[in-house]
Number of protein chains: 2
Amino acid sequence: MTRTHENVRDSPEGKYEEPQTPEAGAVRVEEALKFLEGRWKLVILFKLFGGRVLRFSALERAIPGVSQKMLSQQLRQMERDGLVQRVVYPEVPPRVEYALTEWGQALCPALDALLRWASTRPASTDGS
Amino acid sequence: MTRTHENVRDSPEGKYEEPQTPEAGAVRVEEALKFLEGRWKLVILFKLFGGRVLRFSALERAIPGVSQKMLSQQLRQMERDGLVQRVVYPEVPPRVEYALTEWGQALCPALDALLRWASTRPASTDGS
DNA sequence: CTGTATCCCGTACGATACTG
DNA sequence: CAGTATCGTACGGGATACAG
């Protein structure tokens, strides 16, 4: 599974192409990581994983320490990036619900891979 | 369905334990991501993937735009984190070689998973 | 050759106040 | 309720100079 590669070219669904150079690889990973950059994005992601739907105030309550500004800002970015779906109900008082997109949900396995990797870290041999 | 699997507890090799709460998951992913944070870490990583061994000046030349300060700094962090091995040859002039540790090499599949995920991103429907 | 020490700056983030 | 506006700050990172 972790198969780094072999013949991926001309695969029928043909979306994913192995980066051809180390530089390209680094750049593409950086681009992927940019979707996760931001003090609160991962927290939001995990609150919404599993198809959960939360409204603004619920997220605010669920995430201790976040300010309205930051919550709003990060949600907007995630929406623009296609990670999050935002649904506005034209009511009074206003209600806005947030959920992950399919693509957002699909992040889960990749994060899992990262978690698995991190969990294999050898203990430092020196006393640092 | 975030839940990729079910009973992981008491697995024989028993190293990896699924995070029990969203918060824990977010925190652990953040910790994992911290190993990759830094303007030049990924570039360095990709230069060293595949078991390549490079000395300081070689990395400097291979990474356009990096300063000695940053290169040194990021390499030190990666060394402390256990991603990179640093070998000093007590010669004149000094020679220092850098390579990835096993754990560092093992990052590759996880990054691949991230790359695959990113490659499935739907095109924006709006004109942004 | 392989670094460290200073100085400087942009930006991400936090706190607070205000609005439809 | 669900945000935006404004201000202040901490820190990562660039440029440059110096050192073993």
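Nothing here was measured: the structure is a model prediction, and the numbers come from that model. Chain letters run A, B, ... following the sequence lines, proteins first and then strands; every chain starts at 1.
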Under-4.0 Å side-chain N/O to phosphate OP1/OP2 contact, R76(A) with dA2(D): no

Within a reach of under 6.0 Å around CD of E102(B), are more than 12 heavy atoms found that belong to other residues, nucleotides or ligands? no

Ignoring hydrogens and angles, tell me if any N or O in the side chain of K47(A) forms a donor-acceptor pair with the backbone of V43(A) under 3.5 Å. no

Please confirm whether the backbone N or O of G50(B) pairs with a side-chain atom of Q105(B), one donor and one acceptor, at under 3.5 Å? yes

With sequence neighbours excluded, residues passing side chain to side chain contact (heavy atoms under 4.5 Å, CB included) with Q85(A): T101(A)

Has the side chain of R121(B) got a donor or acceptor atom that lies under 3.5 Å from a matching backbone atom of W103(A)? no

In whole Å, what is the span from the CG atom of L71(B) to the C1' atom of dA15(D)? 16 Å

Please say yes or no: joined through hydrophobic side-chain contacts below 4.5 Å, possibly via intermediate residues, are Y16(A) and L33(A) part of one cluster? yes

Below 4.0 Å: OP1/OP2 of dG3(D) and any side-chain N or O of R86(A): yes

Taking only side-chain nitrogens and oxygens of S67(A), does any of them come within less than 4.0 Å of OP1 or OP2 of dT16(C)? no

Does S72(B) make a side-chain N or O approach to OP1 or OP2 of dT4(C) shorter than 4.0 Å? yes

Nearest whole Å is fine: how far is dG3(C) P from R95(B) CZ? 13 Å

Rounding to 0.5 Å, atoms CD (E79(A)) and CG (L75(A)) come to a distance of 8.5 Å

Classify the side-chain pair R86(B)/Y98(B) by whether it contains a donor and acceptor separated by less than 3.5 Å. yes

Polar pairs (N or O, both sides) under 3.5 Å between protein and nucleotides 8-13 of chain D?
unit_1	atom_1	unit_2	atom_2	d
dG13(D)	OP1	R39(B)	N	2.8

Measure CD/Q68(B) against C1'/dG14(D) and give the value in whole Å, please. 13 Å

Identify, residue by residue, the members of residues 53-66 of chain B with a heavy atom below 4.0 Å from DNA chain D, and return them in order of residue number, or none. none

Determine, step by step, whether R28(A) and E30(A) satisfy the salt bridge (charged side-chain N to carboxylate O under 4.0 Å, His left out) criterion, reporting the C-alpha distance in whole Å, the side-chain angles of both residues, the deciding distance to 0.1 Å, and the verdict. CA-CA 5 Å; R28(A) 288 172 58 175; E30(A) 270 165 28; over 6 Å; no

Whole angstroms only, please: what is the CG-C1' distance between L75(B) and dT4(C)? 14 Å

Remember a base hit wins even if backbone is also touched, and classify Y98(B) as base, sugar-phosphate or nothing at under 4.0 Å, heavy atoms. sugar-phosphate

Please report, rounded to the nearest Å, how far the P atom of dG3(D) is from the CD atom of E91(A). 13 Å

